[in-house]
Amino acid sequence: MKKRILLAAVAALALPLPALAQTHDVVALRDAALKDDLAWEITEGLTTEIGQRLAATEAEARARAWAVKKLTALGFKNVHIETYKMPLWERGIETAEVLGGSAQKLTIAALGNSGSTGPRPIEAEVAYFPTLADLQAAPAEAVKGKIVFVSNAMTATQDGSQYGYYGAARRAGPNIASTKGAAAILIRSIGTDYHRNPHTGVTNWAKDVKPIGAAALSLPDAEQLERLLKRGPVKLRVQITAGMKGEAESGNVIAEVPGSDPAAGIILIGGHLDSWDLGTGAIDDAAGVAITTAAAKRIMDAGQPRRTIRVVWFGAEEPGGFGGAAYARAHANERHVLAQESDFGADRVWKFETNLPEGAKPIADRLAKALFPLGISRGRGTAHGGTDVGPVINTGVGVIDLSQNGLRYFDYHHTPDDTLDKIDPEQLRQNVAAWTAMLAIAANAPEDIGPIPKGEGE
């Protein structure tokens with residue numbers, strides 16, 4: 001009996017996809033995309049010709065101009081930039097060293113939105129907390145005037161699920177330390193590598209909380225500091241001159257594949273154009289804009305889809321999702337039916353999940369059949385999207401997550417090591433094939449993809 005059931009399941013997957021009201025051959029498009037070179041071309045060009053693309057800087061502006069030229073040359077329609085103002089943060093000097101009998105330098109990187117320790121280095125004893133919870137529980141007198149060190153260690157997982165939990169030390173730790181009177185704060189990098197590359201990333205300050213110098217230690221340096229602290233008190237000299245530099249301009253680059261049925265709604269896809277200023281932003285997120293653009297280009301070249309596919313290269317995701325919020329405000333009166341992004345590197349997609357209204361759930365069944373030959377399984381969870389498309393999804397828009405393998409993503413995330421050589425061309429092509437199949441199905445689905453009522457969805 002079990003053998004018969006297994007053979008039936010295999011046979012079902014081998015059947016052709018159901019006929020759709022569409023002009024696209026999903027299987028042919030998917031398989032052709034496995035030979036794609038455009039995603040690599042975009043990733044290589046953006047990281048080589050522009051390099052680092054810190055939000056609201058001249059480099060990000062050059063990246064927008066580069067994107068417009070590229071998207072226009074590829075044949076996309078309605079290519080344009082939508083700008084907005086945002087706070088500008090600059091890095092400055094970042095140094096740390098152990099004083100006394102074990103004097104030595106430590107490798108740090110200031111966190112985005114970090115404050116400054118002042119024009120001259122500060123010297124203070126370390127207040128050590130193994131976890132963020134320990135810092136939260138500490139009395140102010142244990143922290144005041146000291147350099148806080150929080151050391152909590154995430155491990156690599158396929159879905160990157162530890163990042164949300166351990167990342168709180170970066171996002172919230174500096175704010176907590178400042179409210180308790182700390183002179184500065186160092187955290188163990190939110191990463192999984194053992195290279196001497198600290199991982200930057202944004203931190204957040206509550207209203208009326210004074211920003212203090214905040215930086216991440218590379219993992220080897222964080223463990224070195226832990227060993228020193230086991231031997232007795234440690235005094236550090238730290239200088240961080242980062243800070244806010246007023247307001248500046250960022251923007252989103254928008255391009256379209258116009259659909260044949262305006263009433264069927266818009267499918268929003270993309271990634272973020274900006275990067276941190278340490279590496280060249282290959283995995284985070286040149287690959288993401290490249291994957292989604294290459295897939296949309298394949299749909300466009302195969303014939304007009306039913307639904308409009310809107311590709312957005314979002315600006316200023318890293319410092320707090322400014323581009324996604326600006327897009328949602330500017331396009332609040334348009335009918336979006338799906339929104340999804342690629343922002344987790346370029347390694348193989350291994351599962352997909354959806355959040356669709358009841359009437360559109362047959363789309364997920366067709367996706368399962370189309371993606372299975374690429375080694376992509378249907379997950380058991382609910383799709384949530386990401387930072388850039390989140391504001392649109394929150395209005396009740398459906399989402400399809402194509403989840404990439406994250407086992408090595410946090411080795412390079414937000415470090416100087418986020419460079420082109422970390423992209424595997426074959427895995428990049430598998431991403432393009434997955435996105436192409438997804439778009440071919442979703443953009444032409446005969447079902448109405450209406451809003452998701454609260455409490456509905458998978």
Side-chain angles (χ1 to χ4, degrees), residues 9-42 71 74-77 255-270 290-311 337-340 342 348-354 356 359-378 398-402 425-449:
V10 172
L13 287 168
L15 289 173
L17 293 170
L20 305 179
Q22 62 179 39
T23 58
H24 296 135
D25 183 331
V26 176
V27 173
L29 281 168
R30 178 198 68 201
D31 293 349
L34 289 170
K35 298 179 180 179
D36 178 80
D37 289 323
L38 178 57
W40 176 267
E41 178 187 314
I42 292 171
L71 290 164
L74 289 171
F76 286 95
K77 306 302 181 185
E256 288 184 340
V257 179
S260 62
D261 182 1
I266 297 164
I267 295 178
L268 173 64
I269 65 171
I291 290 162
T292 52
T293 301
K297 166 72 170 169
R298 288 183 170 272
I299 301 300
M300 177 173 64
D301 289 350
Q304 188 176 30
R306 180 188 176 204
R307 294 181 175 84
T308 292
I309 299 171
R310 183 172 291 165
V311 182
V337 293
L338 285 172
Q340 43 267 317
S342 178
R348 294 180 66 88
V349 176
W350 65 283
K351 74 170 180 177
F352 83 95
E353 291 172 328
T354 65
L356 299 168
K361 287 185 178 180
I363 293 171
D365 297 329
R366 295 197 287 274
L367 283 170
K369 292 179 180 178
L371 297 176
F372 181 80
L374 297 175
I376 301 170
S377 300
R378 187 172 185 170
V399 59
I400 298 166
D401 284 342
L402 298 176
E426 287 304 312
Q427 296 194 65
L428 187 68
R429 291 186 181 106
Q430 189 258 10
N431 274 261
V432 176
W435 276 84
T436 300
M438 182 274 290
L439 288 175
I441 290 169
N444 295 290
E447 295 89 356
D448 178 53
I449 309 175

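Salt-bridge annotation for D365 and R378: present, with a side-chain N of the basic residue lying under 4.0 Å from a carboxylate O of the acidic one.
To the nearest 0.5 Å, atom CD of residue E41 and atom CG of residue L74 are 7.0 Å apart. Distance check, rounded to the nearest 0.5 Å: OG1 of T436 to CG of L29 gives 7.0 Å. One distance of note links NZ of K35 with CD of E426; it measures 11.0 Å at 0.5 Å rounding. Atoms CD1 and CG, on I400 and L371 in that order, are 9.0 Å from each other to the nearest 0.5 Å. Atom-to-atom distance recorded for I376:CD1 and F352:CZ is 9.0 Å, nearest 0.5 angstrom.
Between A443 and I309 the shortest heavy-atom distance is CB-CD1, 4.0 Å. Contact record, E447 with R307: O-NH2, 2.6 Å, taken as the closest heavy-atom pair. The nearest pair of heavy atoms linking A294 to L38 is CA-CD2, 3.8 Å. Residues A370 and V26 approach most closely at CB-CG1, 4.0 Å, considering heavy atoms. Heavy atoms only, all atoms of each residue included: L71 and A255 are closest at CD1-CB, 4.0 Å. Across all their heavy atoms, R306 and A264 have their closest contact at NE-CB, 3.6 Å.
Taking the side chain as every heavy atom from C-beta outward, L439 and I269 approach each other to under 4.5 Å. Counting only heavy atoms from C-beta outward, the side chains of W435 and R298 never approach each other to under 4.5 Å. No side-chain heavy atom of V399 sits less than 4.5 Å from a side-chain heavy atom of E353. Looking at K361 and T354, their side chains never come closer than 4.5 Å, going by heavy atoms from C-beta outward. With contacts defined as side-chain heavy-atom distances shorter than 4.5 Å, the pair L402/I291 does not qualify. Side-chain contact check for F76 versus V257: some heavy-atom pair is nearer than 4.5 Å. Side-chain contact between L356 and L338 is present, with at least one heavy-atom pair separated by less than 4.5 Å. When side chains are defined from C-beta on, L374 counts as touching L34, because their heavy atoms get closer than 4.5 Å.
When the side chain to side chain donor-acceptor pair (under 3.5 Å) test is applied to R310, the partners found at least two apart in sequence or on another chain are E256, Y327, H331, E334. For D301, the salt bridge (charged side-chain N to carboxylate O under 4.0 Å, His left out) partners two or more places apart in sequence, or in a different chain, are K297.
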Subject >> Stepwise side-chain contact (heavy atoms from CB on, under 4.5 Å) check, I267 with Q340 >> reply: CA-CA 8 Å; I267 295 178; Q340 43 267 317; 3.3 Å; yes

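The closest donor-acceptor contact from the side chain of R429 to the backbone of D36 lies under 3.5 Å.
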